[in-house]
Amino acid sequence: MRCRLCPETVEPEVTILNLTILAPGRPDLVLPIPFVPDDKGHAFALKDGTAYSFRFSFTVSNNIVSGLKYSHTVWKTRVKVENQKVMLGTFSPQQEPYTYKAEEDSTPSGIFARGSYSARLKFVDDDGKVYLDMKYSFEIRKDW
């Protein structure tokens with residue numbers, strides 16, 4: 001007979017706390033999850049031709065989560081312009097949040113790159129358990 005309260009049988013729980021956008025010359029933009037859109041429906045705006053990176057904070061409770069990964073897909077006018085899949089690793093439960101900083105990237109530049117984008121952010125483990133599946137919109141502008 002299995003113990004229903006034993007730690008080995010408790011499902012891990014991952015909570016994505018926030019996403020921070022880091023860009024040189026601009027204060028860190030900390031966005032709580034789920035994002036709160038502005039009056040145009042955008043979660044945030046980026047300046048065209050600018051270097052940036054993302055940082056995620058998340059907690060793990062109950063049990064070890066194995067093979068946590070995230071995928072991030074971006075579309076502009078229904079055309080997929082970016083598709084990232086990143087393996088974060090295996091994490092044990094702890095009180096303090098884990099932090100993951102993505103590699104630096106840069107936004108496209110020019111008049112045709114500006115405008116509204118839609119995106120999907122998803123966190124899933126090796127067992128296929130989805131911890132976050134969120135769609136949102138953002139904007140690339142000439143200025144911040």
Side-chain angles (χ1 to χ4, degrees), residues 4-5 7-144:
R4 291 183 352 157
L5 301 177
E8 297 80 40
T9 62
V10 176
E11 287 291 316
E13 188 57 45
V14 176
T15 303
I16 313 304
L17 303 172
N18 59 46
L19 165 73
T20 303
I21 299 172
L22 311 163
R26 182 178 182 187
D28 295 352
L29 179 59
V30 180
L31 303 166
I33 304 282
F35 295 155
V36 178
D38 63 12
D39 56 348
K40 293 183 187 176
H42 299 120
F44 55 88
L46 298 172
K47 182 179 177 183
D48 72 341
T50 302
Y52 72 95
S53 62
F54 290 118
R55 184 175 61 214
F56 298 103
S57 294
F58 61 95
T59 58
V60 176
S61 57
N62 296 339
N63 208 340
I64 295 172
V65 62
S66 177
L68 183 64
K69 54 189 161 282
Y70 81 87
S71 63
H72 187 237
T73 309
V74 178
W75 296 269
K76 180 166 185 178
T77 59
R78 297 185 184 168
V79 175
K80 189 185 297 187
V81 295
E82 182 178 329
N83 190 24
Q84 284 185 323
K85 292 182 181 179
V86 178
M87 174 59 75
L88 300 176
T90 298
F91 300 90
S92 299
Q94 68 178 30
Q95 292 290 337
E96 303 81 37
Y98 287 98
T99 300
Y100 170 79
K101 184 178 177 199
E103 291 183 23
E104 188 172 87
D105 201 352
S106 61
T107 58
S109 62
I111 192 164
F112 295 110
R114 295 180 203 136
S116 293
Y117 289 76
S118 59
R120 181 178 186 189
L121 180 62
K122 188 173 182 180
F123 284 79
V124 64
D125 68 14
D126 277 346
D127 295 328
K129 183 172 180 184
V130 177
Y131 297 100
L132 178 70
D133 189 355
M134 180 175 71
K135 293 181 182 179
Y136 64 95
S137 296
F138 66 96
E139 187 175 26
I140 293 182
R141 301 182 197 156
K142 185 174 182 174
D143 294 307
W144 292 111

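Values reported hereafter were calculated over all heavy atoms of this structure, with side chains retained and with hydrogens, waters and symmetry mates removed.
- Side-chain atoms of Tyr98 come within 3.5 Å of backbone N or O of Ser92 as a donor-acceptor pair.
- You'll find the side chain of Val74 stays beyond 4.5 Å of the side chain of Ser118, heavy atoms only.
- In this structure, the ring of Phe123 has its center less than 6.0 angstrom from the ring center of Phe56.
- Residues Ala113 and Pro108 share a closest heavy-atom pair of CB-CB, 3.5 Å.
- For the pair Ser57 and Thr99, the tightest heavy-atom approach, listed with the atom from each and the gap, is OG-OG1, 3.9 Å.
- Judged as a salt bridge (Lys or Arg N to Asp or Glu O under 4.0 Å), the pairs with a partner in residues 57-85 (not counting sequence neighbours) are, in order, Lys69-Asp126.
- The NZ atom of Lys47 sits 12.0 Å away from the CZ atom of Arg141 when rounded to the nearest 0.5 Å.
- Closest approach of Arg26 to Ala45, counting heavy atoms only: NH1-O, 3.2 Å.
- For the pair Glu11/Lys129, a side-chain contact is recorded, criterion being any heavy-atom separation below 4.5 Å from C-beta on.
- For the atom pair CE (Met87) and CG (Leu68), the distance works out to 8.0 Å, reported to the nearest 0.5 Å.
- Residues forming a salt bridge (Lys or Arg N to Asp or Glu O under 4.0 Å) with Asp125 (at least two apart in sequence, or on another chain): none.
- For the atom pair Asn83 CG and Trp75 CH2, the distance stands at 8.0 Å (nearest 0.5 Å).
- More than 12 heavy atoms of other residues, nucleotides or ligands lie within 6.0 Å of CD in Gln94, so this atom counts as buried by the packing criterion.
- For Phe58 and Phe91, the gap between ring centers is short of 6.0 Å.
- For the atom pair Lys142 NZ and Ile111 CD1, the distance stands at 8.5 Å (nearest 0.5 Å).
- Panel note: side chain Ser116, backbone Glu139; no donor-acceptor pair is recorded below 3.5 Å.
- Between atom CG of residue Leu29 and atom CG of residue Leu46 there is a gap of 8.5 Å, rounded to the nearest 0.5 Å.
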### Task
Go through Lys122 and Val130 one step at a time and tell me if the side chain to side chain contact (heavy atoms under 4.5 Å, CB included) criterion holds.
CA-CA 7 Å; Lys122 188 173 182 180; Val130 177; 3.8 Å; yes
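- In this structure, Tyr131 and Val124 have side chains that are not in contact, with every pair of non-hydrogen atoms separated by 4.5 Å or more.
- Between the side chains of Thr107 and Asp48, no donor-acceptor pair is found at a separation under 3.5 Å.
- What you find for Met134 and Ile33 is that their closest heavy atoms are CE-CD1, 4.0 Å.
- Taking the six-membered ring where tryptophan is involved, the planes of Phe35 and Phe44 are perpendicular, since the angle between them exceeds 60° and thus also 30°.
- Looking at heavy atoms from C-beta onward, Leu132 lies out of side-chain contact with Tyr70 at the 4.5 angstrom threshold.
- Of the inter-residue distances, the one linking Leu121 atom CG with Lys135 atom NZ reads 12.5 Å to the nearest 0.5 angstrom.
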### Query
Run the side chain to side chain contact (heavy atoms under 4.5 Å, CB included) check on Thr20 and Phe54 step by step: do they pass?
CA-CA 6 Å; Thr20 303; Phe54 290 118; over 6 Å; no
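- When all heavy atoms of Glu13 and Asn62 are compared, the closest pair comes out as CB-ND2, 3.9 Å.
- Heavy atoms only, all atoms of each residue included: Tyr52 and Ser106 are closest at CE2-C, 3.7 Å.
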